[in-house]
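Note that ligands are numbered from 1 as they come in the structure, with each ligand's atoms numbered from 1 the same way. Start at 1 with the first residue, then count along the sequence.
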Amino acid sequence: MTHPIDDAVLDLIYAQDPDAAAILAGEQDRQAHTIELIASENHASPAVVHAAGTCFTNKYAEGYPGRRYYGGCAHMDEIETLARERAKQLFNCEYANVQPHSGAQANMAVFMALLEQGDTFASLVLKDGGHLSHGMSLNFSGKYFKPVHYPLHYDKAHPQHEQIDYDAVRSVCMEHKPKLLLCGYSAYSRTIDFAKFRAIADECGALLMADIAHIAGLVAAGEHPSPFPHCDVVTTTTHKSLRGPRGGLILTNDVEIFNATNKALFPGVQGGPLMHIIFAKAVAFGEALKPGFKDYQQRVRANAKALAAALTDHGYRICSGGTDNHLMLVDLTARNPELTGRDAETWLEAANIICNKNGIPDDQRKPMVTSGVRLGSPATTTRGFGEAEMKQVAVFIDRILTAGLKGEDALAAETEAVRKEVRSLCGQFPMPGGTPATVFFSQ
Ligand SMILES: *Cc1c(COP(=O)(O)O)cnc(C)c1O
């Protein structure tokens, strides 16, 4: 399966730059023939991919629609307005800023708008599933602001083991009186109760922010409860479950917060907006507003559940006991105490299965080793995998990890066998755009 535009793009670049074209062909080939389980990745449609590669990249449009610093912005205003209107419709809110270059930039703008340097905010720590822009010491959020972290339940006997401990969120907030309470995570597989967070924010006098970078697609499709009307401000990425181009988004129902975050983003954090990406965001939001998107997100959740169940059957432990969304954290040590996230990531990649090592709650190993992997279903679901294929993925994973434990020879043989089967499965479920690489490599 070859998409004519992908072919044409590769030919065009090859004609003037074979070196760069070879790298592009290699990446197209890799994506086409691997099973993508990284929970924060997806396969954008050819329309979205190529919308990001238009002449909108040529244009400076500093400012916002109707108030630009440069001439020639009529179509910039049209596309930014279209992207905003669609974002508002998707997330059912009053105001949208579509200019953040990424999720981290969106978060930085919100922090700059709502906090003073040194102010306290409350969040989940990175190692429990938070994001580095939620207070990690090397990040702006940890360097210029004061994070206090709320814990997960950590008690194997507790029914909510490894889930948000809302009583603890409340006591941390009542003790430290943060100006901002942040919910929304990078490695958390359960439903977030925004109403509970709202009640805590009201009690301690904090503003409530949700960072829905991971679950945005589910939220847009009604497959995860909406942060509105509970949250004062919501940030997200556009390239994860939402399946758009790489980028960020700030959403709110509060005109003052809208104005303050607009100013904080530009000129506070960013210069000229990436208009080609805003063009692609508009196209992606248009796709997400179509009826098929709800069905896609339902399948994303069903596939995550199927993968979690199959891995549990093979003896792995899903942290927190399961998944409500598109991802899961897998405790490998339940299958065998010798297994590490680092080995699993490396061994699986050799068999064309891509995932990332990830610490599990209270992980005794270092972040570069870890006891777990994080797996997600958005990309495989986009390819058309169903629950039967997710079960097969679990079998592949267990075959590789079991062989890895036996030693190098067993691993080499099993890697070869599984890689062949993975390539064949990927051939049955081509990624959007397909792979022009075979054409390229035969040149
Ligand atoms: C991915 C993610 C981000 C950051 O997104 P970038 O686009 O990589 O900057 C922010 N917050 C959360 C919770 C995320 O998972």
Side-chain angles (χ1 to χ4, degrees), residues 36-42 44 48 52 87 91 97-112 114 121-136 138-142 145 147 149-150 152 164 180-192 194 197 208-220 224 227 231 233-251 261 264-265 269-270 273-274 277-278 280-281 284 300 304 323-329 355-359 367 373-379:
E36 184 54 73
L37 296 175
I38 293 178
S40 51
E41 296 189 10
N42 212 327
V48 168
F91 293 100
N97 185 324
V98 297
Q99 290 195 6
H101 299 341
S102 75
Q105 305 281 83
N107 289 349
M108 189 170 186
V110 170
F111 276 54
M112 286 196 38
L114 303 183
F121 69 99
S123 67
L124 187 69
V125 73
L126 180 64
K127 71 167 185 57
D128 284 346
H131 187 258
L132 52 93
S133 64
H134 298 180
M136 187 224 193
L138 298 174
N139 185 264
F140 76 88
S141 54
F145 303 95
H149 295 302
Y150 50 78
L152 300 173
I164 302 288
L180 184 74
L181 171 55
L182 210 178
C183 58
Y185 316 102
S186 297
Y188 187 69
S189 63
R190 310 316 295 242
T191 300
I192 300 165
F194 296 115
F197 274 107
L208 181 60
M209 166 179 174
D211 175 350
I212 60 168
H214 259 267
I215 55 172
L218 280 71
V219 169
H224 184 290
C231 296
V233 62
V234 173
T235 58
T236 182
T237 61
T238 48
H239 50 275
K240 299 182 184 177
S241 59
L242 195 51
R243 209 165 63 184
R246 306 198 76 75
L249 199 55
I250 302 171
L251 305 162
T261 50
L265 187 73
V269 171
Q270 294 182 176
L274 307 176
I277 297 299
I278 291 172
K281 283 174 181 170
V300 164
T323 176
D324 302 325
N325 57 26
H326 63 299
L327 69 76
M328 69 212 69
L329 263 183
C355 68
N356 60 280
K357 62 180 167 299
N358 209 109
V373 288
R374 187 186 64 164
L375 306 179
S377 57

Exercise. Have D211 and H134 got a donor and an acceptor in their side chains that come within less than 3.5 Å?
Worked result: yes

Problem set entry | Among I192, T236, T235, L218, the one residue meeting side-chain contact (heavy atoms from CB on, under 4.5 Å) with I212 | T236

Problem set entry | With M209, the side-chain contact (heavy atoms from CB on, under 4.5 Å) member among I250, N107, V234 | N107

For this session: Just jot down the side-chain hydrogen bond (donor to acceptor under 3.5 Å, both in side chains) partners of Y150, sequence neighbours excluded, or say none.
Result: Y185

Which pairs of nitrogen or oxygen atoms, taken one from ligand 1 and one from the protein, are under 3.5 angstrom apart?
residue, atom, partner, partner atom, Å
ligand 1, 7 (O), G103, N, 2.9
ligand 1, 9 (O), S102, OG, 3.2
ligand 1, 9 (O), G103, N, 3.3
ligand 1, 9 (O), A104, N, 2.8
ligand 1, 11 (N), D211, OD1, 3.4
ligand 1, 11 (N), D211, OD2, 2.5
ligand 1, 15 (O), S186, OG, 2.7
ligand 1, 15 (O), K240, NZ, 2.8

Exercise. Under a 4.5 Å cut-off applied to non-hydrogen side-chain atoms, are K281 and P245 in contact?
Worked result: yes

Problem set entry | Within-4.5 Å side-chain heavy-atom neighbours: S186 and R374 | yes

